[in-house]
Visitor: 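Below: one structure in structure tokens.
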Amino acid sequence: MSYMAQRVAGFGTTIFSEMTALANEHQAINLGQGFPDFAAPDFMKKAAVAAIQADINQYAPANGRPALRQAIAQKVANFYGLQVDPDAEITILHGATEAIFATVMGLVNPGDEVIVFEPFYDSYVPAIQMAGGIPRFYTLRPPDWHIDEMALAALFSDKTKLIIVNTPHNPTGKVFNEAELELIADLCQKHDVLALTDEVYEHIVFDGQQHLSLATFPGMAQRTVMVSSLGKTFSVTGWKVGWAVAPPELSRAIFRAHQFMTFCGAAPLQEAAVTAVSQPKDFYTKLTQFYTHKRDLLIDALKSAGLSPIVPSGTYFVMVDISRLGFANDVAFCRFLTTEIGVAAIPPSAFYHTPADGAGLARFAFCKEEKTLAEAAKRLQRLRTG
Ligand code: PMP
Ligand code: GLN
């Protein structure tokens, strides 16, 4: 008999851990798991060291350090024009991952349905399942990942409790446009459905496009949990400082789950996060330029290797159409690429409930040093010579 509980027995190991291990084993350039291979900003490191030296080393309040909640309220006002109460409407959590998990645990009852766009970020479905909820999938299809109004509307029913909207979207790089978010907002209100918006890539958007937050649409602030974190914007994926902004009743539900999951995140990193989220607009403008350049380097490298990238509008990922390369599926291609070519990518079938829907795609990350991208470009040329 297995000691493992049924609720986790079906989960396996995350594709990120699996591909990073394979990349390390074969000394492949890791364009799989999305983490920067360059130094975190100096001001972030100094702020963290200063917080530890100032002996901010004991538990933070369970809902997060007040200065950070205030700074997030200010940032949400600056970027989205929303006025939120830092005490009643903001919870600091252990990364966006805990924010998502605590939101689902706090709001979803057994038997409730939760609408998820696929390909999905890999923690959504396990969170829904652990809460006893039932995921219902809307499949985004390449190359434009567009949303069909009738098909989305058909997923809403009186059993639907929540919809999870990730924009900018990992792994497709799709940035949901105004009409799409308006549609989602209308459906949520018509069916009395709550929204969880995963906005961890809110500041990585290209080509003059704009990230729109669902909570800013009429009637949505009172039914939306807006989730973000430091990891992507400030190149510190290992810090795991995240937050959920939600009206008081929803924040109370999130808090109840959170207090018994972690109670609080790392206090000195929350203190250092105040410096991060208080950065002037200029910081974000530079971030866009920084990642636009890296995106273009990777797109060029992929094209010159004979691959077919789908240019992303946001995030630090590129999907590539591999359907005509003659591989059995995305897993076979990504394993070949990692072990034989020396470049690791993520097989996106892990992000679909029917893996075959991702079988013709591969995801590459470009949150890497230029020299890393250049070395990957060189190795990818081997695809040309076979
Ligand atoms: N959502 C998405 C779409 C992500 O890509 C990530 C990054 N891994 C997360 C959530 C988790 O963020 P965090 O590292 O802050 O937990
Ligand atoms: N968000 C990162 C990605 O999509 C990885 C997260 C993780 O390793 N759990 O690559």
Side-chain angles (χ1 to χ4, degrees), residues 16-17 20 23-24 29-61 63-76 78-79 86 90-99 170 199-205 227-244 262-295 297 315-317 365-375:
F16 305 119
S17 308
T20 289
N24 291 343
I29 303 282
N30 192 354
L31 304 188
Q33 194 176 23
F35 62 88
D37 69 346
F38 43 84
D42 228 27
F43 73 83
M44 297 285 290
K45 294 193 274 197
K46 286 200 174 108
V49 170
I52 290 172
Q53 291 293 1
D55 242 321
I56 300 173
N57 293 315
Q58 309 309 328
Y59 295 125
N63 63 340
R65 289 179 61 81
L68 178 56
R69 285 185 280 106
Q70 264 149 28
I72 290 168
Q74 189 60 54
K75 178 171 178 293
V76 167
N78 292 347
F79 278 93
I90 298 183
T91 314
I92 310 300
L93 298 114
H94 196 69
T97 309
E98 197 212 351
N170 175 10
E199 304 183 39
V200 297
Y201 298 100
E202 62 190 316
H203 299 295
I204 307 180
V205 178
V227 167
S228 197
S229 71
L230 288 188
K232 327 290 168 187
T233 308
F234 299 97
S235 305
V236 285
T237 61
W239 282 27
K240 299 299 272 191
V241 177
W243 51 89
T262 56
F263 183 78
C264 68
L269 299 183
Q270 288 189 17
E271 180 61 20
V274 177
T275 312
V277 300
S278 310
Q279 285 300 300
K281 284 234 159 130
D282 180 51
F283 172 85
Y284 301 95
T285 312
K286 287 196 182 123
L287 186 74
T288 304
Q289 289 162 358
F290 178 78
Y291 275 124
T292 302
H293 182 58
K294 291 188 188 299
R295 176 195 66 166
L297 285 177
T315 76
Y316 44 51
F317 304 111
F366 53 84
C367 44
K368 306 292 170 185
E369 297 227 48
E370 280 187 29
K371 65 172 192 281
T372 310
L373 295 172
E375 176 60 24

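The residues of the chain are indexed from 1 along the displayed sequence.
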Visitor: Is there side-chain contact between N30 and T372, with at least one heavy-atom pair below 4.5 Å?
Guide: no
Visitor: According to side chain to side chain contact (heavy atoms under 4.5 Å, CB included), who are the partners of T292, at least two apart in sequence or on a separate chain?
Guide: F206, T288, R295, D296
Visitor: What pairs of residues pass the salt bridge (Lys or Arg N to Asp or Glu O under 4.0 Å) test when at least one of them lies in residues 263-274, not counting sequence neighbours?
Guide: R65-E271
Visitor: Sequence neighbours excluded, which residues qualify as salt bridge (Lys or Arg N to Asp or Glu O under 4.0 Å) partners of K45?
Guide: none
Visitor: Under the ring-ring contact (aromatic ring centres under 6.0 Å, His included) criterion, do F35 and F16 qualify, and how do the steps go?
Guide: CA-CA 10 Å; F35 62 88; F16 305 119; over 10 Å; no
Visitor: Would you say N63's side chain and T91's backbone share a donor-acceptor pair under 3.5 angstrom?
Guide: no
Visitor: For H203 and F283: C-alpha separation, side-chain torsions, deciding distance, then whether ring-ring contact (aromatic ring centres under 6.0 Å, His included) applies.
Guide: CA-CA 10 Å; H203 299 295; F283 172 85; 8.3 Å; no
Visitor: Using the side-chain hydrogen bond (donor to acceptor under 3.5 Å, both in side chains) criterion, which residues pair with T97? Sequence neighbours excluded.
Guide: K240
Visitor: Name all residues meeting the side-chain hydrogen bond (donor to acceptor under 3.5 Å, both in side chains) criterion together with E370; count only those two or more places apart in sequence or in a different chain, and write none if there are none.
Guide: H293
Visitor: Taking the side chain as every heavy atom from C-beta outward, state whether V277 and L230 have any pair of such atoms under 4.5 Å apart.
Guide: yes
Visitor: Any side-chain heavy atom of L287 within less than 4.5 Å of one from F234?
Guide: no
Visitor: On the ring face of Y291, is K286 found with NZ or CZ under 6.0 Å from the centre and within 45° of the axis?
Guide: no
Visitor: Just to verify, what does S228 make a side-chain hydrogen bond (donor to acceptor under 3.5 Å, both in side chains) with, not counting sequence neighbours?
Guide: E202
